[in-house]
Each structure stands twice: as C-alpha cells, then as structure tokens.
Amino acid sequence: MTEISKAYEPQSVETKWYDFWVEQGCFTADPARVSASRPAYSIVIPPPNVTGVLTLGHVLNNTIQDILARKARMDGKEVLWLPGTDHAGIATQNVVEKTLKKAGEIKHRDDLGREALVARIWEWKEKYGGIILKQLRALGASCDWTRTRFTMDPEYSRCVQGVFVDLYKKGLIYRGKRMVNWCPASLTALSDEEVTMKEQRGFMYHFRVEVVEHPGTFLTIATTRPETIPADTAVAVNPKDPRYQHLIGKHVYKALPLDVPKEQRVIPIIADDHVDFEFGTGVLKVTPAHDKADFEIGLRHKLPVIDVLTPDGKMTAEAGAELAGLDRFAARKKSAELMEAAGSLEKAEPYVNNVGFSERADVPIEPRLSEQWFLKYPSVEASKACVADGSMRFFPDRWAKVYDHWMTGIQDWCISRQLWWGHRIPVWYRGDEIHCGLDAPAGDGWTQDSDVLDTWFSSWLWPFATMGWTDNKTTDAANATLKAFYPTTDLVTGPDIIFFWVARMIMAGYEYMGDLPFKNVYFTGIIRDKQGRKMSKSLGNSPDPLDLIAKYGADALRFGVMRAAPLGQDVLFDETAVELGRNFCNKLWNACRFRQMHGGETEQEVNPALLTTDDRWILGRLDLAIREVTQAFAEYKFSDATATLYRFFWGEYCDWYVEASKPVLGMPGEPPTDPAKVAQRNNKLAVIDFVLGHTLRLFHPFLPFITEELWHGMAFNTDLPADRGGKTLLYASWPKAFDDDERAYFRVDPVIEASAQARFDLVTLGRNLRAQSNIPSNKRVPFVIRPAAPLPQEELDILKGLLNAEALTLAATDWQAPKGTPVAANAVGELFLPLAGLVDVEAERARQEKELAKVRSEIQKVQDKLANPAFTQKVPASVLAEHQQRLIDWQAKEKQILSTLH
RNA sequence: GCGAGAUUAGCUCAGUGGUAGAGCACUUGCUUCACACGCAAGGGGUCGCAGGUUCGAAACCUGCAUCUCGCACCA
C-alpha cells in the first residue's frame with residue numbers, strides 16, 4: 001500500500017494515468033479479440049471541426065461517450081471508440097483565409113488561387129488542426145487514437161467520391177438550375193438545413209403603381225423588399241379577388257428604376273392562386289429572381305427573370321443607376337427614398353417578419369437561381385421504419401417524432417458548394433459531354449467541376465468510412481473492423497444536428513451497409529449559462545474547460561457536468577457544479593486515507609459470522625446502489641447514476657457507516673489487543689475494503705483518474721488477473737448486484753436495514769435535542785437511553801460515539817426523567833438529555849408543545865381517512881394496513897411527548 | 001399556423017395514484033485525531049391557474065396562462 005497524500009492533487013495524477021493507459025494500449029480496439037463471450041461495443045465520435053477548440057458542449061458530449069466506453073470495458077466488452085475530425089468546409093476555409101489576411105499575406109483568396117489556397121489550408125491543418133483531440137485527452141477520453149480519422153484522408157475521400165459516382169449512376173444525384181439558398185457572405189449555395197429563420201424588425205412599404213390601360217388608376221402594393229422592384233416582372237392578384245378581377249391581363253408601370261423610360265417598365269397583371277387577398281393590399285409584386293415562391297409563379301406564367309443582385313449582395317446595373325453598386329440593405333432605404341421623392345410611396349410602417357439567415361455567416365440569405373447538384377435521398381423508407389419500429393432507439397424518445405416528421409417531408413439535398421476546401425465533385429466536362437467518375441476520362445480538354453461537396457456529404461458516411469469501407473464487396477467482407485464493430489452501439493450527439501447528420505447517416509448506413517449505423521442515439525441537451533442563455537464568445541459566458549480542469553481537475557468537471565445534465569434537458573452550467581465535483585473527489589480521497597490510516601494489511605475475506613448490524617446495513621445499501629446505477633446506465637440516465645453514487649458514498653457510507661465504525665476500529669495506530677476485538681476490527685476493515693473496492697469500480701466511468709490512483713494506492717489491484725483489474729481499474733469487472741445466495745451469505749435483509757436505519761434516526765433525534773438546548777456540538781454531555789429491546793454493548797458504544805456523548809447510561813426500570821428533560825424516541829427506544837440547570841425548561845416545553853401539535857395534526861389526518869368508509873372499503877389491504885400502522889406510530893409518539901411534558 | 005417539452009423550496013431539478021424530496025444557497029453551532037473542498041442541527045413549498053376522474057391527485061383527463069425548442073411561413 002502506497003501512502004496517500006493529505007489533499008487530492010489531480011494534475012500529476014491525471015497525466016500519469018493517461019500516459020499509462022495510452023502506453024499500455026488500453027484504448028486500442030482489436031477485432032480479433034471479439035467473440036461470443038467478449039462482444040463488441042463501438043461508438044464513433046461526432047467529429048469536431050478540425051479547427052475547433054474544446055467547449056463545454058464537447059465536454060458534455062464526450063464525457064458521456066467516455067462513460068459509456070469505460071462501462072462497456074468493465075462489462076468485459078471489446079470497445080472501439082473511434083475519434084477524428086471533420087474538414088468543415090466553410091468554417092475551415094474562413095479561418096485560414098482570415099489568418100492569411102491578418103498576416104497581410106493576401107487581400108483576397110484569388111490572390112493565391114485555388115490550388116495554393118488549398119495547399120495552405122492543408123499546411124495549416126497539419127500544424128494547428130486537431131487541437132481539440134489533444135484537449136479531449138485532458139478530459140480523460142478513452143478513444144482509440146491509433147484509428148484517428150479525418151474526413152479528407154485519402155481513403156475517406158475515395159469513399160465520398162465513390163458514393164457520389166454511385167448515386168449519380170443510380171440516378172439519385174442530378175444537376176439542375178434551381179432556386180437555392182445563397183449566402184452572400186460565403187458566396188456559396190447552402191442546404192435548407194443551413195438556413196435558420198430569425199425575426200427581423202423592418203418596414204412594410206406600401207407603394208403604388210399606375211395601371212397602363214387606365215391612366216389615373218393605381219394599385220397599391222405592400223413589400224418588405226423595395227430594392228427588388230426593378231426585378232419585378234409582374235404583379236399578381238388572386239383570381240377570386242373581386243377588387244382586382246377587372247384588371248387581370250392589364251399592365252402597370254413599375255415604380256423603379258426611374259432612369260428607365262416609363263414605357264420600358266410595363267409589366268403584366270396576372271392572376272395566381274398563391275396570392276392571399278387578406279394579406280397586405282392583396283396585390284403581390286412578382287420577383288422571380290429573388291424569391292422562391294415568386295420563381296414558381298414565374299414558371300407558371302412564363303415570366304422573364306431579371307436578376308438585380310450580385311453574388312455578394314450588391315445591386316447590379318439593371319437595378320438602375322441610382323441603386324447600382326449599393327449593398328442590398330442600403331439599396332432598400334434608397335429605393336424607398338426614391339419612391340418617396342417620386343410620390344409613389346404611400347407609407348412605410350414598422351413590421352416584424354421572419355428572414356432566413358445563413359447559419360454560419362449569420363447574414364440573411366438570398367434565394368438565387370443557380371446551377372447546383374442535388375441528391376434525392378436514398379433508403380428513405382428503411383430509415384424511417386427503423387426508428388418507427390424501435391429497432392433503433394432514440395433517447396429521449398420524443399426526438400423520434402421530430403425525425404419522423406422531417407423524413408416524411410424530406411426535400412432533395414443541395415450538395416454542391418462554391419468553395420475550394422472540400423471534396424471536389426467527381427464530374428468532368430468537355431463541351432456538352434459530361435463524365436462522372438473517380439478520375440478524369442482519357443483524352444484532352446476535360447475540366448473538372450469546380451464545386452466541392454457539402455461537408456455533411458462526407459460526414460454522413462462516418463460510421464463505416466472510418467472503418468476502412470471501400471464499397472468493394474470482397475474487400476469489405478474481409479474487413480475485420482467493419483465485421484466486428486459495425487453497426488456501432490451508441491451515438492451521442494446534440495439534437496441540433498439530427499437532420500444534418502443523424503438522419504443522413506441512417507440513410508447512408510442502409511444504402512451502403514444494408515444495416516442501421518447505430519442501435520441507440522443519445523441526444524444531449526444544450527449547455528447554457530446560469531441565466532439560461534446559450535454559451536457564446538460574444539457574451540463571454542463560456543468558460544474554457546481547460547481552465548476548469550486546471551483549477552478543479554478533470555474528474556471534478558466530468559462529475560459536475562454529469563450531475564447537472566438530466567437526460568434530454570438543457571444544462572444550466574454553473575462553476576459551482578464543478579466545485580461540487582472537486583469536493584466530492586476530495587471526499588472520496590479522504591475516505592480512502594481514513595481506511596489507510598488504520599493500516600492493517602489484513603486483506604482478509606469478510607467473515608459473515610462477525611458482521612454487525614451496521615455492516616449488514618452498508619452491504620445492503622451498496623447492493624441497492626449497484627442496482628440503481630446499473631439501471632440508470634440501462635436507461636442512459638447519467639444524472640440519476642451520479643445522484644445515487646453521491647447519496648450512497650457521502651450520505652450513507654461516510655456520514656454513517658464510517659462514523660459508526662470508529663469505536664470498533666479504535667484510534668489510528670492504537671489497535672485493540674483483546675482477541676475478540678481484534679477479530680471484530682479486522683472484519684470491519686474487510687467490509688470497508690469490500691465496499692471501497694466496489695465503490696471505486698462504480699465510480700470509475702465517471703471519475704477515471706482518481707479512482708485509478710486510489711485503486712493502486714489502496715492496493716485493490718493485487719491478487720486480480722492483469723486483464724481484470726490487476727493492471728488497471730479500466731478492465732476491472734463492473735460490480736454485480738447481490739444474488740439471493742450473496743444476500744443470504746452477507747445476511748442482508750430488510751429487517752436489519754430498517755433496524756440500523758432506526759438507530760441512526762434516533763441519533764439524529766438526539767443530536768437535535770442538543771442543538772435545541774443550545775449545547776455546542778463540541779461539548780460532551782451525558783445521555784440516558786431506555787431501549788425498547790435490549791441493545792448489545794457494542795451498539796451502545798456506537799450510539800455514544802455518534803452522539804458525541806460523555807456517557808450513555810441505561811435507564812433503570814424505575815427511573816423517571818426529571819420534569820422538562822428533553823427526550824426523543826422511536827422504535828429503538830427513548831433517549832433523554834438530562835441536563836438539570838443547563839436546559840431552559842420553558843424553551844423545551846415550547847418545543848414539545850410544537851411537536852405535539854404537529855403529531856396531533858398528523859393523527860387527525862390519518863384518523864379522518866380511516867373514518868371514511870369509502871376509503872376503508874375500497875383501498876387495497878396493504879395501503880389500509882400501512883395507514884393503520886401510521887396511526888399507531890403517531891399515537892405512540894403523542895403518548896411519549898405527553899409523558900415528559902408534565 | 002403545426003408539433004414537442006417545461007411550469008414542484010431563493011436557484012437547478014428528482015418525484016406518474018397512498019405521510020412533498022435532493023443538491024446548491026440560507027440560518028445556527030463546531031479548528032470532534034479522513035476531509036473546513038469538512039461535521040452537526042435547522043428554517044423554507046396552498047407542486048402555474050381553473051375544472052374533472054378517484055376513497056385519495058404534484059402525478060391521470062380537459063381547458064387556460066406563461067416560457068423554451070423544432071417545423072412551416074404571406075409578399
């Protein structure tokens with residue numbers, strides 16, 4: 001047994017053990033070890049952005065994965081936790097471009113050109129990328145680092161492009177000119193999922209246009225985007241709207257641009273059902289180039305398309321000389337001013353509407369007509385069915401409904417991006433010829449499509465592309481990793497990427513592996529601050545996890561976060577949660593120190609014949625804790641597990657069992673000499689070792705570092721096989737709840753547990769008497785006890801210790817407590833605090849009166865119930881009996897109070 | 001507009017038909033020989049509102065209010 005220091009110092013312990021685990025290959029998965037008796041457990045990390053740094057969100061997510069992986073190892077499974085990073089197209093390209101601009105190397109990415117920029121990004125990635133994976137080590141993440149993957153690894157890229165070619169050949173990928181979501185900041189198309197709606201305050205502009213055929217007749221139109229008026233190619237009314245029916249087929253003069261002669265601004269008035277005549281004025285300006293719905297109207301009525309916006313959101317010359325070159329928002333103001341000056345603006349009233357924003361660049365997107373690649377999703381039915389029929393489970397399961405809803409209304413996916421960093425689209429062009437394949441076709445003059453694929457088009461292959469999948473049946477059949485570890489067991493991720501990633505992985509899994517990619521999906525909550533706000537850099541409310549680890553230790557951070565994160569709920573993070581984790585680790589540390597102070601390399605087995613009531617009680621509590629924690633794991637309720645562990649270890653083991661064991665153990669360094677007491681003491685130490693050994697194992701998934709340190713410090717590893725806890729706690733077996741034989745062996749039963757509990761309750765009552773009588777807790781006072789049934793001397797000694805009593809005297813049969821003596825009682829007996837002169841008789845009397853009132857109100861409540869025939873006749877026998885017993889208990893209490901009150 | 005979730009102690013949350021709970025915070029007393037990152041005791045809640053079902057409702061049902069999050073979206 002090595003000596004344990006007074007306070008737990010996490011820093012050196014953490015690096016020591018992490019290095020040890022990695023050096024010993026403890027995290028390395030070997031498919032060859034998988035067998036019927038050693039099943040596989042696998043989990044793939046949601047690959048963080050390669051430019052990312054660790055946030056509390058990652059801490060939550062990866063701690064859960066680590067807990068699952070470590071528990072699975074202790075269950076004797078062959079565990080693969082596969083790590084890696086995502087190339088994250090837009091985000092990464094932005095980061096590197098910004099860095100280069102800041103360094104003054106470039107003003108624009110065109111200064112470098114495509115190949116050079118991509119080369120610089122690779123350089124950057126090699127140098128600074130993947131920091132987050134190193135940071136995960138500080139958290140204790142037990143990933144198999146030998147299998148770290150990147151979504152742009154050469155083999156991975158082949159998978160991505162191969163899948164593109166395959167889906168193209170299947171006719172599921174097609175190219176088309178469509179309205180897409182265009183990001184004017186990133187200059188690329190986006191998928192619908194990358195657009196979030198935000199409420200915006202703006203204005204509803206009402207302006208009027210003159211009907212060509214009826215000079216002097218005007219139509220009033222409402223719009224939030226007057227800058228697009230030059231792009232209008234019609235105005236539309238509902239065919240059933242009586243106000244405008246007579247004008248259908250006639251024309252109006254567009255309000256802008258004013259520098260174009262009136263005759264060249266004539267556009268038709270058309271009728272379309274899309275127009276809601278309740279909204280605005282019932283007249284809709286139709287701008288096919290800049291609105292999705294208008295584009296559809298344009299198609300129906302064969303309207304021309306006029307584009308007045310550049311890709312980066314500035315007005316073109318076609319918008320007119322006065323608007324040309326202006327940014328779209330400046331142009332909005334300007335166009336209103338122009339109409340105002342021309343007298344066509346009727347009013348501009350404040351208005352709140354929903355505007356689509358680019359999720360990443362945080363600017364309003366523009367609907368834009370452009371040529372893009374689209375995917376018609378594969379394996380949709382199988383993917384829907386597996387969640388609906390429960391073969392894949394979501395935790396919490398309400399996400400299943402969200403998933404189903406999205407899968408039902410699923411739209412084709414725009415997968416091309418106008419970026420340089422990413423997987424290049426494997427399509428080549430020569431004149432009118434198109435070739436889709438991994439390599440350029442033979443012959444000269446072929447040029448590759450300049451677009452790259454949406455990042456998620458590579459992420460969706462993650463569960464199998466990381467395992468060496470090739471889409472070659474022979475190769476894949478011989479792939480031991482795939483065979484052993486696919487489908488994976490659990491996926492842990494945030495619900496914000498359920499469509500981006502989870503749903504798409506399921507479809508890819510069915511399409512390419514013929515099976516679901518994971519069996520269970522755990523959706524974490526979102527980490528928020530104490531006020532419930534999202535963590536963000538600009539708010540400065542996002543603490544750096546590495547700082548927290550340095551200050552409190554990784555175990556403290558893990559425990560604090562897990563304790564605060566109930567399944568499916570957002571986590572309101574507060575540093576005091578980590579402090580609590582730190583305090584808990586310290587408690588665990590000191591409980592082991594206490595055991596060590598009593599020395600004794602006893603290492604003996606527990607002798608059932610010598611077990612005391614307390615021993616049997618704590619073994620029963622341990623058994624219950626094992627059951628509860630194991631059950632919590634089965635339901636992915638990690639906060640329940642930590643709550644149980646906290647209660648058991650602190651509230652039961654430390655507060656009661658350890659305190660009660662002190663009289664038996666004697667003073668440290670002064671062991672008893674009486675042989676009977678020595679045997680008692682050694683057995684007590686054996687029970688303590690038994691409980692601590694189990695406790696460390698129960699805690700290990702949550703607190704990997706401190707438990708490993710104590711496992712060795714307490715020498716619990718000796719005598720165990722190397723692969724079952726001898727070398728590392730990582731592979732010790734997960735504690736099993738007692739079976740009937742074990743319960744009988746340890747003589748654990750509910751009656752014993754209740755009697756031990758009652759003794760502890762009496763102690764609390766006795767301490768209460770002291771406090772009520774204003775006796776300082778360090779002052780030793782004599783107590784008198786009148787047990788309901790005889791108590792052995794050892795138990796009286798324990799009671800005396802727990803009460804911090806000067807003496808605990810047995811009351812003689814004829815002893816009568818002096819009037820006003822504070823007394824407490826329960827099933828164990830009556831406990832008196834005879835302190836003549838020290839106790840304020842009147843105060844004690846008042847206390848007892850108050851107590852009596854409470855007892856009587858309880859009696860009344862139960863009596864009322866029992867007097868109700870409807871109750872006594874209808875209620876189950878057990879409930880009736882329980883109420884009757886309750887009445888007896890309260891009445892006994894009443895009698896006891898009355899007996900000392902006078 | 002559609003859907004989901006939430007509403008219990010000052011705060012964060014457990015509690016799915018039978019005596020309202022935990023942690024933190026708070027008050028008080030303790031340098032009791034593992035731990036002041038500790039020990040002990042205590043105060044504090046008409047369980048969002050209104051109905052209903054039931055012998056009995058924090059829990060089940062209906063409606064309402066408030067908040068959060070998805071999805072859709074009318075210029």
Side-chain angles (χ1 to χ4, degrees), chain A residues 4 6-8 196-197 204-205 221-225 228 236 274-287 291 293-294 353-354 356 396 398-399 401-402 405-406 409 495-496 498-499 526 530 532 552 556 563-564 566 568-574 576-577 579-598 637 639-640 642-643 646-647 651 654-655 658-659 662 667-670 763-764 767-772 774-780 801-802 804 858 861-862 865 868-876 878-880 882-883 886 889-890:
Chain A
I4 300 178
K6 175 166 174 164
Y8 175 55
T196 54
M197 303 305 279
M204 180 67 84
Y205 300 90
I221 306 175
T223 181
T224 53
R225 299 202 62 188
T228 63
H274 171 75
V275 181
D276 176 356
F277 47 87
E278 307 266 309
F279 190 91
T281 60
V283 186
L284 171 70
K285 66 193 266 309
V286 184
T287 324
D291 185 279
D294 289 7
N353 67 337
N354 284 321
R398 65 189 144 87
W399 293 109
K401 218 170 180 177
V402 176
H405 182 251
W406 187 77
D496 48 333
I498 185 169
F499 310 136
I526 295 164
K530 223 177 158 181
Y552 299 104
R563 214 177 146 276
Q569 291 212 28
D570 287 355
V571 183
L572 298 200
F573 181 83
D574 181 6
T576 58
E579 214 175 296
L580 180 108
R582 187 264 321 260
N583 296 352
F584 189 79
C585 290
N586 195 55
K587 188 75 179 176
L588 183 59
W589 186 258
N590 276 289
C592 289
R593 276 186 73 219
F594 172 81
R595 164 64 187 90
Q596 202 181 47
M597 280 176 60
H598 287 89
K637 290 183 173 172
S639 59
D640 283 12
T642 53
Y646 194 96
R647 183 206 69 217
C654 290
D655 287 351
V658 170
E659 292 305 321
K662 283 178 176 176
M667 294 292 266
E670 298 169 35
V763 168
T764 298
R767 287 167 173 172
N768 185 317
L769 294 183
R770 297 176 61 119
Q772 293 286 351
N774 289 321
I775 296 164
S777 38
N778 60 337
K779 187 174 172 73
R780 302 188 149 217
L802 292 173
N804 194 22
E858 291 296 335
K861 271 202 272 188
V862 184
K865 275 185 152 185
N868 181 358
F871 175 79
T872 49
Q873 282 162 24
K874 288 189 182 176
V875 96
S878 63
V879 174
L880 185 61
E882 190 260 325
H883 277 77
R886 203 190 296 168
D889 291 346
W890 284 120

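Heavy-atom basis, side chains included; hydrogens, waters and symmetry copies ignored. In what follows, every chain begins at residue 1, and chains take the letters A, B, ... in the order their sequences are listed.
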_From A/Tyr8 atom OH to A/Asn583 atom CG, the distance as rounded to the nearest 0.5 Å_ =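 Rounded to the nearest 0.5 Å, the OH-CG separation comes out at 13.5 Å.
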*Could you give the distance from CZ (A/Arg582) to OG1 (A/Thr576), rounded to the nearest 0.5 Å?*
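The OG1 atom of A/Thr576 is 11.0 Å from CZ of A/Arg582, to the nearest 0.5 Å.
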Using the [atom1] atom as the reference point in each nucleotide, state the distance between [N] and [M] in Å, no decimals.
N	M	atom1	value
B/rG56	B/rA65	P	29 Å
B/rC61	B/rG5	P	11 Å
B/rG45	B/rU8	C1'	7 Å
B/rC73	B/rA57	P	46 Å
B/rG18	B/rA58	P	11 Å
B/rG10	B/rA25	C1'	7 Å
B/rU53	B/rA40	C1'	47 Å
B/rC35	B/rG23	P	22 Å

_Bracket notation of RNA chain B in which parentheses pair within the strand, [ ] cross earlier pairs, and | pairs with another strand (Watson-Crick or G-U, under 3.5 Å)_ = ((((((((.[[[[.)..(..]]]].(((((.......))))).....[[[[[..)....]]]]])))))))....
*B/S/- contact track for nucleotides 30-42 of chain B, protein heavy atom under 4.0 Å*: SSBBBB-BSSSSS
*Reading 5' to 3' through nucleotides 68-75 of chain B, protein heavy-atom contacts under 4.0 Å coded B for base, S for sugar-phosphate only, - for none*: --SS-BBB
Identify the two heavy atoms, one from [X] and one from [Y], that lie closest to each other, and give their separation to 0.1 Å.
X	Y	answer
A/His883	A/Lys865	NE2-NZ, 3.2 Å
A/Cys585	A/Ala556	SG-N, 4.1 Å
A/Val275	A/Gly282	CG1-O, 3.5 Å

*Under the side-chain hydrogen bond (donor to acceptor under 3.5 Å, both in side chains) rule, collect the residues that match up with A/Thr228, sequence neighbours excluded.*
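Residues passing side-chain hydrogen bond (donor to acceptor under 3.5 Å, both in side chains) with A/Thr228: A/Lys285.
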*asked:* Just to verify, what does A/Arg886 make a side-chain hydrogen bond (donor to acceptor under 3.5 Å, both in side chains) with, not counting sequence neighbours?
replied: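 So A/Arg886 forms a side-chain hydrogen bond (donor to acceptor under 3.5 Å, both in side chains) with A/Glu882.
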_Using a 3.5 Å distance criterion without hydrogens, assess whether the side chain of A/Arg770 forms a donor-acceptor pair with backbone atoms of A/Asn804._
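It does hold such a pair.
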_Using a 3.5 Å distance criterion without hydrogens, assess whether the side chain of A/Asn590 forms a donor-acceptor pair with backbone atoms of A/Asn586._
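Here the side-chain-to-backbone pair exists.
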Who passes ring pair (Phe, Tyr, Trp, His ring centres under 6.0 Å) against [X], sequence neighbours left out?
X	answer
A/Trp399	A/Phe523
A/Phe279	none
A/Phe499	A/Trp406

_Could you tell me if the side chain of A/Phe584 sits less than 4.5 Å from the side chain of A/Thr642, heavy atoms only?_
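Sidechains of A/Phe584 and A/Thr642: no contact.
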*Can you find a pair of side-chain heavy atoms, one from A/Arg767 and one from A/Leu802, that are under 4.5 Å apart?*
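Yes, their side chains come closer than 4.5 Å.
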Scan nucleotides 26-28 of chain B against the protein and return all N/O pairs shorter than 3.5 Å with their distances rounded to 0.1 Å.
none

*Rounded to the nearest Å, what distance is computed from the CG atom of residue A/Leu580 to the C1' atom of nucleotide B/rA25?*
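Roughly 13 Å, once rounded to whole Å.
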*Determine the contact category for A/Arg647: base if any of its heavy atoms lies under 4.0 Å from a base atom, sugar-phosphate if only primed atoms, P, OP1 or OP2 are that close, otherwise nothing.*
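Nothing: the residue A/Arg647, judged by heavy atoms under 4.0 Å, touches no strand.
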What's touching nucleotides 14-19 of chain B from the protein side, N or O pairs under 3.5 Å?
| from | atom 1 | to | atom 2 | distance (Å) |
| --- | --- | --- | --- | --- |
| B/rA14 | OP1 | A/Gln569 | NE2 | 2.2 |
| B/rU19 | O4' | A/Arg886 | NH1 | 3.0 |

*Those residues that, when tested against A/Lys662, pass salt bridge (charged side-chain N to carboxylate O under 4.0 Å, His left out) (two or more places apart)*: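 Applying salt bridge (charged side-chain N to carboxylate O under 4.0 Å, His left out) to A/Lys662 gives A/Glu659.
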*For A/His274, what residues pass the side-chain contact (heavy atoms from CB on, under 4.5 Å) criterion, not counting sequence neighbours?*
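In terms of side-chain contact (heavy atoms from CB on, under 4.5 Å), with neighbours along the sequence ignored, A/His274 is linked to A/Asp272, A/Leu284, A/Ala293, A/Ile297, A/Arg300.
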